[in-house]
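Just so it is clear, the model here is predicted, and its values are computed rather than measured. Letters go in sequence order (proteins before strands), and every chain restarts at 1. Note that these values count all heavy atoms, side chains included, but never hydrogens, waters or copies made by symmetry.
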Amino acid sequence: MTGILEWIIFLALSLIAVITAAGMLLTMSMYRAGLALMASFVALAGMFILLGADLLAAIQIMMNVGGMLVMVLFMVMIMMDPGGEMMWSMKRNMHIRGLAAFSMSMPRGKPPEEEPSQENEQHAAQTADWTCPMHPEVRQPDPGKCPKCGMSLIPRTAIANGEAEHESVTQPQVYTCPMHPEVPQDHPGNCPKCGMALIPAQDPASAGQSDSHEGLSMPMHQQSDEQDSHAMQSGHKLNTSHMSDGDHEMNMSGHDMNTSNMSSSDHQMQMSGHGMTMSHMGMTPRQYYDMMVGMAMSTTQLPWAIVLGMISALLLIILVILTPWPQATVGPTQDATNAVGNLLLSRYMIGFEGAAFLILAGIAGAVILAKRERAPVQEPEVMGAGAAKSSAQIYTCPMHPEIRQQEPGECPRCGMSLVPAEETSDSGGQSPQGGHA
Amino acid sequence: MNTIVLALLVLVCLLVGTYGIAVLQQLILLGPRRAGAALQWPIANALLLLRQEDLMPRGADGFLFRSAPFIALAVVSLTALVIPLGPHLIGFDPSIGLFYFVVLLSPFVVSLMNAGWSQNSKEGLFSTFRAAAYLVSYEVPLGFAAIGPVMAAQSLSTQRIVETQAGLWYVVWQPLGLVIYLLAALFVTFRHPFDSALAGDELEGGVFAEYSGPRLLLFKIALDAIFLILMAMGVVLFFGGWQGPWLPGPVWFVLKTFLLAGIVLWAARFLPRLRHDQILSLSWKILLPASLLNITLVGILTLFIPGGGR
């Protein structure tokens with residue numbers, strides 16, 4: 001009877017240990033992951049008690065529960081998304097079903113083609129002529145002053161594929177974090193919040209254009225096309241309300257970037273707002289795909305890695321079975337330490353070596369079968385020569401961020417001397433409009 | 001089958017003892033100090049909570065929120081296994097009983113943390129942080145205070161510790177250890193002077209802010225039960241467990257436990273309620289050095305007291 005009970009307890013404990021270990025890998029909430037690991041260790045401690053190793057069990061519980069507790073505490077205090085809610089919501093919005101919904105899995109299928117944004121940018125740079133920020137009807141081939149108001153002219157780009165009425169100014173290339181869209185930078189690098197590589201926030205013109213041939217399902221607000229004209233009239237306010245009606249946090253941040261990129265005329269504001277909404281925080285399908293690859297917790301090679309691990313585990317078990325067991329009936333004698341040492345050397349060493357082999361195989365698999373699909377890191381020059389050129393020389397007023405000029409000078413509104421645009425765009429992330437709702 | 005019956009018996013004893021603690025609290029802390037009312041009140045309260053709706057806040061982590069009270073009660077029941085009611089009247093007698101007991105106090109805090117974290121409220125989260133910070137700071141003095149009897153008895157087994165106190169209770173020559181142990185015990189159970197983790201005044205009950213109904217009842221039972229367990233362990237460590245003249249062992253044990261619990265509950269009323277930084281500095285700056293001093297004293301005294309260092 002006791003034997004059966006022991007068997008039942010053993011099975012229950014091992015089941016708990018395995019399930020919670022798997023749960024640690026599959027959950028997105030860091031709190032739950034830490035707790036699952038804790039539960040797994042406690043189940044192991046229960047097995048130790050079954051084996052009569054009470055002290056080992058108590059030490060196991062003390063060390064691991066205390067350790068996990070502190071770890072969980074620090075995760076809750078420091079990490080950005082300890083409950084995994086943001087990841088879950090992204091997952092939900094992407095409508096990923098089945099087992100893949102448990103982890104950020106690789107996007108299926110081939111990566112979408114690279115956007116022809118380079119040509120766009122170059123073309124735009126070639127055909128750029130100059131216009132007044134207040135009077136868009138003024139056009140000149142050369143920079144200078146507006147004949148109507150005397151303001152400095154700013155470059156104007158025509159959009160390549162016949163959308164003549166959609167006119168945009170070459171925006172400075174903005175890089176942003178895939179997870180923290182409120183972090184705008186004008187140069188690539190790592191996110192100051194989470195350390196992920198920044199991705200370019202797409203230029204509105206090419207993003208809107210690329211919408212038609214997207215390969216991935218991206219949560220978008222298609223209705224923004226119809227709202228073009230309204231947005232043009234009522235400008236920023238309408239843009240904001242339009243953004244906030246979406247149900248993801250991402251849109252808030254789209255609004256954020258919108259303000260930081262704010263241009264002087266309503267027309268330009270509408271354009272940038274349009275772009276942000278249209279492409280889900282300003283990303284082309286390719287960039288979106290790259291973001292998903294970057295965030296993926298597993299790769300498409302995961303099955304192979306699992307097979308490799310299974311084979312090595314099988315080898316390990318075979319090794320342990322094939323080696324002869326030493327006599328286990330040895331009581332506590334003078335020679336007991338020697339016997340234990342021999343036991344370790346003869347048999348358990350195989351176990352340890354095998355475990356080390358398993359770990360090495362895992363590392364090798366991770367390195368060799370690394371995320372191959374990741375697109376090469378794009379240099380800012382590649383992303384658009386014209387954009388890079390213009391971003392280097394944008395000057396803006398510290399009080400009126402909508403003022404943007406190519407050369408330093410005085411603000412046409414308040415007469416303050418202009419400052420380079422990076423500073424204001426950096427502070428734009430902390431502006432009151434920028435906060436998440 | 002024997003094991004299951006034994007486990008159930010321990011659980012029943014724990015629940016009955018918890019009822020006793022609730023009555024005692026009613027008499028000493030809450031009032032009215034009439035025995036009839038005090039005997040009825042815990043039952044009435046339990047029935048009230050059982051009838052309440054079981055609510056879960058929006059955005060809560062459902063699994064953790066629902067499971068936390070069960071984990072709390074399960075952990076407390078596990079600690080109850082190593083309390084010896086009498087000679088060979090013990091649920092589970094491992095050779096390391098006391099260590100097992102001290103170790104299992106941290107999973108109890110894990111359950112409180114789960115409850116605080118999962119309920120998606122700021123009060124719960126603050127309470128979680130405090131509970132975890134306290135766990136680290138009370139476990140050390142509690143462990144060191146318990147080392148005194150262990151050194152004298154030269155065993156970690158709770159039964160052995162009681163048996164060695166046949167001649168002289170350890171409280172006689174380890175009073176400092178007892179004081180440290182009782183302060184740490186109040187700490188563990190988040191009782192009055194150290195109750196800022198579950199603060200009713202500032203954090204709306206902290207971990208319990210969002211709990212209602214049967215789950216709140218489970219939590220309250222677990223809190224009272226762990227207080228009972230700590231007092232019982234105090235009796236085991238310092239007051240000679242079941243040892244006593246005339247009466248049978250278990251009766252002595254129960255009498256001593258409830259007497260100690262009553263005295264502690266009564267005396268704690270006169271202590272001022274501490275801020276949580278004061279609590280932490282009390283733990284690290286006073287209790288920890290005092291417990292080390294206690295170990296030194298016990299080590300020296302063990303050599304001189306007859307029967308102390310067997």
Can you find a pair of side-chain heavy atoms, one from A:Ile59 and one from B:Phe99, that are under 4.5 Å apart?
yes

Which portion of A:Met68 sits near chain B, non-hydrogen atoms under 4.5 angstrom
neither

Name the member of A:Val72, A:Ile49, A:Val65 that forms the most heavy-atom pairs with chain B at distances under 4.5 Å.
A:Val65

When only pairs under 4.5 Å are counted, which of A:Leu55, A:Ile61, A:Val70 shares the most heavy-atom pairs with chain B?
A:Leu55

Correct closest heavy-atom pair for B:Ala132 and A:Leu69 would be CB-CD2, 3.8 Å

Pairwise distance OG(B:Ser118) to CG(A:Leu35) - rounded to 0.5 angstrom
10.0 Å

Max heavy-atom pair count under 4.5 Å with chain A, selected residue of B:Phe63, B:Trp117, B:Phe129
B:Trp117

Counting only heavy atoms from other residues, nucleotides and ligands, does the tally under 6.0 Å from CZ of B:Phe65 exceed 12?
yes

Evaluate side-chain contact (heavy atoms from CB on, under 4.5 Å) for B:Val102 paired with A:Met62, printing each intermediate quantity in order.
CA-CA 9 Å; B:Val102 172; A:Met62 189 180 74; over 6 Å; no

What part of B:Leu156 lies closer than 4.5 angstrom to a heavy atom of chain A: side chain, backbone, both or neither?
neither

Out of B:Leu105, B:Leu64, B:Asn114, return the one with the most heavy atom pairs under 4.5 angstrom to chain A.
B:Asn114

